[in-house]
Amino acid sequence: MRLSARHTVVGIAGATGSGKSSTYNALTGLELSAVGVRRPTTSWASACVWGHEDAEELLEWLGIPPRHRTARDSMLDERRDDRQLDGVVLLDLPDHDSTEVSHHLEVDRLVQLTDLLVWVLDPQKYADAAIHDRYLAPLQSHRDVMVVVLNHIDTVPEDQREAMVADVRRLLAADGLSAVPVYAVSARHGIGIEDLRGEIAGRVRDKASTRLRLEADLRAVAERMAEQSGEGQARSLSEQRVRELEGALADAAGVPTVVEAVERSTRVRGGQATGWPVVSWVARLRPDPLKRLHLDLGDAGRQLTGLSRTSLPATTPVQRARVDTEVRALADEAAAGLGRPWAASVRRASTSRLDDLGDRLDAAMASTDLQVDRLPWWTRAVRGLQWLLLVTGAAGLAWLLVLAVLGFLGLPEVATPSAGGLPAPTVMLLGGVLLGILLGLAGRVLVRATARSRARTADKRLRRAVAEVATELVVAPVSAELAAHAQVREALATIRRG
């Protein structure tokens, strides 16, 4: 039916000398198969096609080589009565009693592929067990698609023909084929050929009626399925709706909390690195916000925490309600216009994996590298300069203390160089302290800018991770249902168009 619904494959089968090929020629009106002494057995199946259009793929499937095909409707002598066979693919099968094994195999193969089997029997050998035991009896389940032809009826006296036909019917009944029609013909003299052609034409009409009925049934079923599927065209999910869902999930996962912690953590770590060393040690007493959340700080952070789960605050009822609302809104938008069964299927798909949502979001948050363990390169330079200024100030203070002790003891004063009208140790002390404080203030400004930049980067990374979870657990299942609906709608439309 898929290859060619309008063609009916009719196979002519029989033993050597039964007149199978002459029957084939009589039905086609052409001398297509050699008969008699010129060719004792048919070596290959031949095909004659009425209505050759759209039959090429069918003939390929049947395994009929191009050189063994004849298009009957392309002949110049096409007769009016051939039109009743329009859509017939008539096969002349190899002789089933041939000594060639390949012939047996070819007959066995094609017998399973034909719509109608015409078995040609010879008056001398119609009771041969070879055909009854090998083919007719095993195919009793195919009795509705079989016809038996008793050929060479002209060689039988007229007063014996009816009895011989009755005997053939008796043997067929013993094979379980009592309902199979039997035609007495003479392919040589044309006796009974028109009746046989009419039988084949009737089967062709029956198949056409069956095909039309099947098509009508399919269209009726397609109409009912289309009604259940709904007339609305399936659509892809809108980006705005998906973004709103991702926003709700990000809020429920604690992304804002983590982003704030990243900014504060960067400030703490940056302050420790760039602040005035005299007071920056106080910052070490403050806990790192990200360490408290057990979030990934990079390689160093993984070694530090050694935990696979975060310590983010639990999702609040308001956040859970917002997630549920966004999931429901996404499903409702996707199901708009779909039939009730499809709409229910879309809604089920949207919530089918929500039980895994908490664990997957937590894992996504824990596995995201926030990159706060790597401070900018300039913080090391500032740190080195801070220590240089601190050492300079300490050296100036020590120098001044030495000078004070010498004066207190009344010892001779040591010549002290000056700079800008001030003694060098004073310049060293004041310069080291003041420049260190100013550098710390400048570093704080830079650290705050870096912290805001790191927070924005962390926000993008975390929301990307949350979006992957949303796609996996909600968007992908819903999209799969929409794709299935589109596929069904396309198939139904094809069937309804006929």
Self-check item: Residue pair E244, R241: steps toward the salt bridge (charged side-chain N to carboxylate O under 4.0 Å, His left out) verdict
Solution: CA-CA 5 Å; E244 290 177 0; R241 180 58 61 192; 2.8 Å; yes
Quiz item: Side chains of H68 and D92: does their closest heavy-atom pair fall under 4.5 Å?
Solution: no
Quiz item: W61 versus V9: any side-chain heavy-atom pair under 4.5 Å?
Solution: no
Quiz prompt | Shortest non-hydrogen separation from A334 to L237 and the atoms involved | solution = CB-CD2, 3.6 Å
Self-check item: Which residues share a side chain to side chain contact (heavy atoms under 4.5 Å, CB included) with A451, sequence neighbours left out
Solution: E263, T266, R267
Quiz item: Step by step, would you call R348 with E481 a salt bridge (charged side-chain N to carboxylate O under 4.0 Å, His left out)?
Solution: CA-CA 10 Å; R348 284 195 303 271; E481 289 298 318; over 6 Å; no
Quiz item: Going from CG on L113 to CG on L58, what distance comes out if it is rounded to the nearest 0.5 angstrom?
Solution: 9.5 Å
Quiz item: Can you name the nearest heavy-atom pair linking S352 to P477, along with the distance?
Solution: OG-CB, 4.3 Å
Quiz item: Do L117 and V145 have side chains that get closer than 4.5 Å, going by heavy atoms?
Solution: no
Exercise. Answer yes or no: is there a side-chain heavy-atom contact under 4.5 Å between L482 and L338?
Key: yes
Self-check item: Considering all heavy atoms, the nearest S350-V327 contact
Solution: O-CG1, 3.7 Å
Practice problem: Show your reasoning for whether side-chain contact (heavy atoms from CB on, under 4.5 Å) applies to V255 and M365. | Solution: CA-CA 8 Å; V255 170; M365 300 290 285; 4.0 Å; yes
Exercise. For R243 and Q240, run side-chain hydrogen bond (donor to acceptor under 3.5 Å, both in side chains): C-alpha distance rounded to whole Å, both residues' side-chain angles, the deciding distance at 0.1 Å, then the answer.
Key: CA-CA 5 Å; R243 283 198 298 270; Q240 179 63 28; 2.9 Å; yes
Quiz item: Any side-chain heavy atom of L91 sitting closer than 4.5 Å to one from I64?
Solution: yes
Self-check item: Pairwise side-chain contact, L85 with V10, heavy-atom cut-off 4.5 Å (strictly under)
Solution: no
Quiz item: Do E60 and R69 meet the salt-bridge criterion of a basic N to acidic O distance under 4.0 Å?
Solution: yes
Quiz prompt | Basic-acidic side-chain contact under 4.0 Å: D459, R463 | solution = yes
Quiz prompt | L439 and L385: CA distance, side-chain angles, deciding distance, side-chain contact (heavy atoms from CB on, under 4.5 Å) verdict | solution = CA-CA 9 Å; L439 185 60; L385 186 56; 3.6 Å; yes
Practice problem: Please identify each residue that fulfils side chain to side chain contact (heavy atoms under 4.5 Å, CB included) with V488, with sequence neighbours left out. | Solution: S229, W342, L492
Quiz item: Between the side chain of R143 and the main-chain N/O of Q140, is any donor-acceptor distance below 3.5 Å?
Solution: yes
Practice problem: Could you please spell out the steps behind the side-chain contact (heavy atoms from CB on, under 4.5 Å) verdict for L93 and E106? | Solution: CA-CA 8 Å; L93 305 183; E106 183 73 353; over 6 Å; no
Quiz item: Going by heavy atoms in the side chains, are R347 and D332 under 4.5 Å from each other?
Solution: yes
Exercise. Mind running side-chain contact (heavy atoms from CB on, under 4.5 Å) on E326 and L330 for me, showing each step along the way?
Key: CA-CA 6 Å; E326 292 300 334; L330 182 143; over 6 Å; no
Exercise. Rounded to the nearest 0.5 Å, what's the gap from CG on L249 to CG on L245? Could you check?
Key: 4.5 Å
Exercise. State the CG-OG1 distance between D206 and T8, to the nearest 0.5 angstrom.
Key: 9.0 Å
Practice problem: With R496 as reference, evaluate E223, E227, E490 under the salt bridge (Lys or Arg N to Asp or Glu O under 4.0 Å) test and give the passing residue. | Solution: E223
Quiz item: Does one side chain, of R322 or Q319, offer a donor that lies under 3.5 Å from an acceptor on the other?
Solution: no
Quiz item: Got a second to check how far I12's CD1 is from L116's CG, nearest 0.5 Å?
Solution: 7.5 Å
Quiz item: Which value, rounded to the nearest 0.5 Å, describes the distance between L473 atom CG and L361 atom CG?
Solution: 7.5 Å
Quiz prompt | Least distance between heavy atoms, A250 atom then P256 atom | solution = O-CD, 3.8 Å
Quiz item: Does T471 reach the main-chain N or O of A467 with its side chain, forming a donor-acceptor pair under 3.5 Å?
Solution: yes
Quiz item: Has the side chain of S345 got a donor or acceptor atom that lies under 3.5 Å from a matching backbone atom of P341?
Solution: no
Self-check item: Separation between CG of L397 and CG of L430, rounded to the nearest 0.5 Å
Solution: 10.5 Å
Quiz item: Is the closest side-chain heavy-atom distance between V346 and H485 below 4.5 Å?
Solution: no
Quiz prompt | W50 versus L90, closest heavy-atom pair with distance | solution = CZ3-CB, 3.8 Å
Quiz item: Of all heavy-atom pairs between A248 and V323, which one has the smallest distance, and what is that distance?
Solution: O-CG2, 3.7 Å
